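See below for the structure under consideration.
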Number of protein chains: 2
Amino acid sequence: MARPSAAATRPRLNRHRVLTAAAALADRIGIEALSMRRLAQELDVVPMALYKHVANKEQLLDGMVELLVAEIDPPATGVDWRTAIRLRVLSARRVLLRHPWGRSVLESRTSRTPAVLGYIDSVIGTFRTGGFSDELTHHVMHALGSRMWGFTQELFDEPAGPDASGADGSGADEDASPEVQQAMLQALAEHFPNIAATVLTATHDDGTVVARGCDDQAEFEFALDLMLDGFERLRATGWSPRVGH
Amino acid sequence: MARPSAAATRPRLNRHRVLTAAAALADRIGIEALSMRRLAQELDVVPMALYKHVANKEQLLDGMVELLVAEIDPPATGVDWRTAIRLRVLSARRVLLRHPWGRSVLESRTSRTPAVLGYIDSVIGTFRTGGFSDELTHHVMHALGSRMWGFTQELFDEPAGPDASGADGSGADEDASPEVQQAMLQALAEHFPNIAATVLTATHDDGTVVARGCDDQAEFEFALDLMLDGFERLRATGWSPRVGH
DNA sequence: GCATCAGGTGTACGGCGTACACCCACCGGT
DNA sequence: ACCGGTGGGTGTACGCCGTACACCTGATGC
């Protein structure tokens, strides 16, 4: 009891400590489990204490986005627009892979915070100095959309979330026996033959059919490059509005 | 008091009535304001009554997605793959414009419901019968991503939501005086010159600068066509994996 | 005429975000 | 050496949320 209370030893809070704690906590328990109360408990503080540093939960999330954006590499210099954009986007993607909550927070936010605007501005800048007209840049940014953050709506993939691979340590989707899996695939093929066809590889030697591993990173780059190629074609041919097909 | 109580006259609930009421309510008050309690009140029923028809809120949302998917036009027949996809996606887009909650619900759901799978399956089917290899179809579907539902992350646009243009009737973003707007644009240009450049048109005769109206539909179709063109190029040149650029 | 049971009810619990009043340790000024 | 102010942490409380569980009730089949 000679020990000073936690409150006495605990360093003072400030906005930055709150935000980093929130980010770290979201990394651990998932964004949907992140509440003001849970965060306060993490910081050994009563919930209302947080409100001395962030106005409300919305602003907390905005602040977390700030941290996220700060982790994205600065734009590469001395390279053409295409590789500059490519590198930047892939850097953003790595950030979002480190912080799975980033994507949903980014999506949920209307996000006109300076940090976000700054990132957007610098991406636009890369296009403009790369020879895109303002008009074309505008369209191209819309086309890029959320891909500029390094993610896209992945339509097939897992519930994911940090808890999926969490406490029990298994996390794998394949806790069903091979036979059961096989049966499920069979059923899938019956009702949704086209999905089955594109999601499955050909039959193996042993006659079984297996799900093709789906390399998200490769898929992302495939789509990104497809867009970048399209952009370059428009730029090179001097695209201008009202001259579309 | 001779009037029978509301409970007596009210038609019996069933899953479908619950779902359509939920959809209509979400149209009116916005998805974030849709709660089980609010929906129950709308149906003149006690909250727990809903649970006799849907297992929980998650399943309610899944059911709402079902309704959504059902509103999308069936695939066009007798046209090439490109126009078939284009029409389908634009039909989906019209549905989501009618039901602004659709997008966020679709995004939030991991969505392996039969209705969703059915839609995806039929889109895949259009590609496959259009001459795409299974492998290429797979990639192309990933590239299409959420655009298959007719939306993309629009990075610049408004908070939106049905309440924005709600009770007070104004709803316009431009409730600030022209001078104030002008000042805000000036400030924007100062901090984010690239955003300003692509978002603003040239100066008017009178020297003022105005925000370019941003036609979301046009932007969407621009990006969609860019992707479809890319897809066609790959298909026509017999793209196969490991032979990328 | 009675049992069954689907569908509607009432109450309660544990969570959430946050308004508001408070208290206290520290500070600079006198 | 005192003292008023102030910034940061506290305690309590409110009104929402989703939903578990026990209950009631009125129609239906035998």
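Every chain is numbered from 1 and lettered A, B, ... according to where its sequence line falls, protein lines coming before strand lines. Predicted, not measured: the structure shown is a model, and the values here were computed from it.
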> A:Q186 and A:E190: side-chain donor and acceptor closer than 3.5 Å?
Replying inline: no
>> By nearest heavy atom, map B:L50 and A:R12 onto DNA chain C; which one lands nearer the 5' end?
In response: B:L50
> When we call it a touch if two heavy atoms are under 4.0 Å apart, what does B:V46 touch: a base, just sugar-phosphate, or nothing?
Replying inline: base
> Base, sugar-phosphate, or nothing: which does B:R37 touch, judged by heavy atoms less than 4.0 Å apart?
Replying inline: base
>> Please give me the minimum heavy-atom distance between B:R147 and B:V89, naming the atom from each residue.
In response: O-CG1, 3.2 Å
> Reckon A:H53 has a side-chain N or O less than 4.0 Å from the OP1 or OP2 of D:dG7?
Replying inline: no
> Picking from D:dG8, C:dG8, C:dT18, which would you name as closest to the side chain of A:P47?
Replying inline: C:dT18
> Is B:R86 salt-bridged to B:E221, going by a charged N under 4.0 Å from an acidic O?
Replying inline: yes
> How many Å lie between CG on B:L13 and P on D:dT25, as a whole number?
Replying inline: 20 Å
> Is there a donor and acceptor pair closer than 3.5 Å between the side chain of A:K52 and the base of D:dG9?
Replying inline: yes
>> Output the rounded distance in Å from CD1 (A:I31) to P (C:dC16).
In response: 14 Å
> Picking from A:L61, A:N14, A:L67, what satisfies side chain to side chain contact (heavy atoms under 4.5 Å, CB included) with A:L19?
Replying inline: A:L67
> What nucleotide among C:dT18, C:dG7, D:dG18 has an atom nearest to a side-chain atom of B:K57?
Replying inline: D:dG18
> Can you tell me how far C1' of D:dG8 sits from CZ of A:R15, to the nearest Å?
Replying inline: 17 Å
>> Which is more 5' along DNA chain D, the nucleotide nearest B:A55 or the one nearest A:M48? Just name the residue.
In response: A:M48
